[in-house]
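Below is one structure, written out as structure tokens; the observations come after it.
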Protein chains: 2
Amino acid sequence: MATIGDVARAAGVSRSTVSYVLSGKRVISAETKERIEAAIELLGFTPNAGARALATSRTNVLGLYLQFQEDEFAPAMLQYILPVSTTSRAEGYDLLMVTDPDLAGAIRRTTSSHMVDGVVLLDVTYHDARLEPLRQAQQPAVLIGYAQDSAGFDSFDLDFGEAARMAVDHLAERGHREIVLLTPPDHVATRGGSYVWRFRDAAIERAARHGIRLSAHPGASRHPEIAESLDRALDALPGATALIVHNDATVAALPRLLDERGIRVPQDLSVVGVFSQGFGQAFSLPYTAVESLPDRLGELAVAQLVRRIADPSSAGAPVVRLIEPGFFDRGSTRAV
Amino acid sequence: MATIGDVARAAGVSRSTVSYVLSGKRVISAETKERIEAAIELLGFTPNAGARALATSRTNVLGLYLQFQEDEFAPAMLQYILPVSTTSRAEGYDLLMVTDPDLAGAIRRTTSSHMVDGVVLLDVTYHDARLEPLRQAQQPAVLIGYAQDSAGFDSFDLDFGEAARMAVDHLAERGHREIVLLTPPDHVATRGGSYVWRFRDAAIERAARHGIRLSAHPGASRHPEIAESLDRALDALPGATALIVHNDATVAALPRLLDERGIRVPQDLSVVGVFSQGFGQAFSLPYTAVESLPDRLGELAVAQLVRRIADPSSAGAPVVRLIEPGFFDRGSTRAV
DNA sequence: CTGAAAGCGCTTACAG
DNA sequence: CTGAAAGCGCTTACAG
């Protein structure tokens, strides 16, 4: 492998001059610059990343840390990973993806060894064990999700309260008076998936304000529990004319479950889901949905992180931003 | 951040001694070792990754390069990413995940700058443009998938020929004489997804040997084309008693598509799919399947790559290994 | 059993 | 407009 010294020798200049051509931090005469660029081309020179990192204390790598819960609906995860990766690259960063079972340890290891310039945390929980090592770290971090104590970190998440209100309002406008809500499984709430109660509580409150009867039930993430929880929920409110599903695994299986029960949408039951456009497409879901916008969250988060890395001081106080959901009417609700 | 010099000073030894305690490449007296370890603990010292990489020419990072095709069924991808990540970590490597649209360029950039010690290529095509920069690279690479000219690279893939024979044999044993095969879309074959024709050709050949009539049709990856292609395939062979589906997007939507058409499985139609256990679970697929084993492929590939990195010379000639599919009988086929 | 020193390949103040 | 030199934080032959 050619080094900067080889290039310098070939071009008849000093190593510093080559370095300045590379960085553009100095004006170099056109002629010299040309000679150097020719030498770079000829030798196929690429600066050594480790050496550069050592000299600059910057790696141009971001760390993405995520855990795959046994009980989680995996297909939903990729929608968050991709935009983070794409945006990182667009901003000039590569991405270290870490799925170590001991994520807190992995964060400690990779930040303190300066493998990464910044940290992206996915699927953040209310009391997230990963925040502690992050506070010790010198690198800035951004959270996708919502933690109780996010002090010091930029956070981005969907406004699940608003999502719930949008779903309830949509049904209220169509005259529905009894609604069943299927939430994520209880264990998701237990481990601190705040979107569970943020959505549920807002839905309950909004329904009450409309004078609507809303019955909330935890769904499941596996078969056959998914079907059982759906039955339980529907049985609990026999007069329900609408169903709000805030549960990936359930909504993915819903078309078949309803078919099997002979329930037609929207004739027998209006349905509103909570999922992204991509998710709806992958599973060919025919339901009107409040959209979760993972692309936008990933983009915003990475852009903010990069801003902090570039200028830690002037980037201002940490931002906690809840973004407004989208809405995609697929005609699965009717007026009653 | 504490450096190795800080630790050395605190422990009253030289930097080299600290380094040797870290690497274990020298016997250090118990007493000295203890003092050093205490200092490391006290100062919270972690070796700087860049400095270490510069000194050793090793980063302990593997690169995973994947492209998300517009027309691809994304949910299937994650099953390959996860085992690669998990196995890498278990082998002591972190993982750089690269999704640059210009993957060949990204490979060139990350290998020649020595950001990675080895390369994992996912979703390899028959004439894969990523192989060229890989040949220039100093780092070893492993392919998951099948390329025409994989000379010089270790490759792992499912034995799709065997997968096809297993599916056909299974149906043959049950007396089926007319079978429809739904393949991946044509454009997948066009861009070199060799599994398309490896499966199809083997299925056709095997069916012929059994004296079975097999009619192969390209499926689609999007709605509503998926439904149309299914109809076309079934119409083409009205007497068919069985359907083999080698198409992720189609098989994921199949329960509903068949329901809508009033086709009961297995009473009206026997169905055999080609998908992994995890995929079947995520989409609650009730079909007997030839299993694609992404976990095993990821593990084997990374393990082999690590072996090559550790000992480039003695690892022997490149291996091209087609692994035998699994089989999961979910009772979706019957005797006719 | 341990240390002094060279070297990995860059960047960047300092100097001219 | 360009160069000589120090320094980033490690590892490892060389020496004792």
Side-chain angles (χ1 to χ4, degrees), chain A residues 1-37 39-40 43-61 92 109-117 138-139, chain B residues 1-37 39-40 43-61 92 109-117 138-139:
Chain A
M1 281 281 97
T3 71
I4 200 172
D6 298 331
V7 174
R9 205 170 312 118
V13 298
S14 74
R15 296 186 301 158
S16 58
T17 304
V18 176
S19 178
Y20 283 118
V21 164
L22 250 32
S23 68
K25 288 186 181 174
R26 231 188 211 181
V27 258
I28 307 288
S29 73
E31 190 217 0
T32 308
K33 194 170 168 184
E34 241 166 56
R35 242 175 32 242
I36 291 175
E37 278 164 351
I40 288 176
L43 299 172
F45 166 70
T46 315
N48 179 289
R52 185 172 260 183
L54 183 57
T56 61
S57 300
R58 305 261 271 100
T59 61
N60 289 311
V61 172
R109 182 172 58 78
T110 52
T111 55
S112 63
S113 66
H114 284 270
M115 295 180 73
V116 298
D117 292 340
Q138 288 178 16
Q139 296 92 333
Chain B
M1 281 282 96
T3 71
I4 199 170
D6 299 330
V7 173
R9 203 170 315 118
V13 297
S14 73
R15 297 187 300 160
S16 59
T17 304
V18 176
S19 178
Y20 283 119
V21 164
L22 250 31
S23 69
K25 288 186 182 174
R26 231 190 209 179
V27 256
I28 307 289
S29 73
E31 190 218 358
T32 310
K33 193 170 168 182
E34 242 166 57
R35 240 174 35 243
I36 292 175
E37 278 164 352
I40 288 176
L43 299 173
F45 166 71
T46 315
N48 178 289
R52 185 171 260 183
L54 183 55
T56 61
S57 300
R58 304 261 271 101
T59 61
N60 288 311
V61 172
R109 181 172 58 77
T110 51
T111 55
S112 63
S113 66
H114 284 271
M115 295 180 73
V116 298
D117 292 341
Q138 288 179 14
Q139 297 91 334

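We name chains A, B, ... by the order of the sequence lines, and we start the count at 1 in each one. Quick note: numbers below take in every heavy atom, side chains included, and nothing from hydrogens, waters or symmetry partners. These numbers come from a predicted model, not from an experiment.
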Of Ala51(B) and Glu31(B), whose nearest nucleotide on DNA chain C comes first from the 5' end?
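The residue whose closest nucleotide sits nearer the 5' end is Glu31(B).
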Position toward the 5' end of DNA chain C (nearest nucleotide), Ala55(B) or Val27(B):
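Closer to the 5' end of DNA chain C: Val27(B).
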For [X] versus [Y], what's the shortest heavy-atom pair and its separation?
X         : Y         : value
Val116(B) : Gln139(B) : O-NE2, 2.9 Å
Asn60(B)  : Asp117(B) : N-OD2, 2.7 Å
Arg35(B)  : Gly12(B)  : NH2-O, 4.0 Å
Ser113(B) : Thr46(A)  : CB-CG2, 3.9 Å

Could you check how far [atom1] of [X] sits from [atom2] of [N], rounded to whole Å?
X        : N       : atom1 : atom2 : value
Tyr20(B) : dG3(C)  : OH    : P     : 12 Å
Ile36(A) : dT11(C) : CD1   : C1'   : 15 Å
Arg9(B)  : dA4(C)  : CZ    : P     : 13 Å
Leu54(A) : dC10(C) : CG    : P     : 12 Å
Leu43(A) : dC10(C) : CG    : P     : 12 Å
Asp6(A)  : dC8(C)  : CG    : C1'   : 13 Å
Ile4(B)  : dA5(C)  : CD1   : P     : 17 Å
Asn48(B) : dC10(C) : CG    : P     : 16 Å

Side-chain donor-acceptor pair present, Ser14(B), Thr17(B), cut-off under 3.5 Å
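Result is yes, a qualifying pair exists.
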I'd like to know if Ser16(A) reaches the base of dA4(D) with its side chain, counting only an N/O donor and acceptor under 3.5 Å.
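Under the 3.5 Å cut-off, the side chain and the base do form a donor-acceptor pair.
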At under 4.0 Å, does any side-chain N or O of [X] touch on OP1 or OP2 of [N]?
X        : N       : answer
Arg52(B) : dG9(D)  : no
Ser14(A) : dG3(D)  : yes
Thr32(A) : dT2(D)  : yes
Lys25(B) : dT12(D) : yes
Arg26(B) : dC1(C)  : no
Ser29(A) : dT2(D)  : yes

Starting at the 5' end of DNA chain D and moving along, which residue's nearest nucleotide shows up first, Gly50(B) or Ser23(B)?
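It is Gly50(B), whose closest nucleotide lies nearer the 5' terminus.
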Counting side-chain heavy atoms from C-beta on, which of dT12(C), dC8(C), dT2(C) comes nearest to Thr56(A)?
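Of the options given, the side chain of Thr56(A) lies nearest dT12(C).
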Options dC10(C), dT2(C), dG9(D), nucleotide nearest the side-chain atoms of Arg15(A):
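The nucleotide sitting nearest to the side chain is dC10(C).
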Across the strands shown, which category fits Ser19(B) at heavy-atom distances under 4.0 angstrom: base, sugar-phosphate, nothing?
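Base, at least one base atom sits under 4.0 Å.
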Reckon Thr46(A) touches a base, only the sugar-phosphate, or nothing at all at heavy-atom distances under 4.0 Å?
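Here Thr46(A) touches the backbone only, sparing every base.
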Min side-chain heavy-atom separation Arg52(B)-Arg58(B) under 4.5 Å:
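Not touching, per the 4.5 Å side-chain cut-off.
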Pairing check on dC14(C): which nucleotide meets the Watson-Crick or G-U wobble criteria with it, both distances under 3.5 Å?
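Partner of dC14(C): dG3(D).
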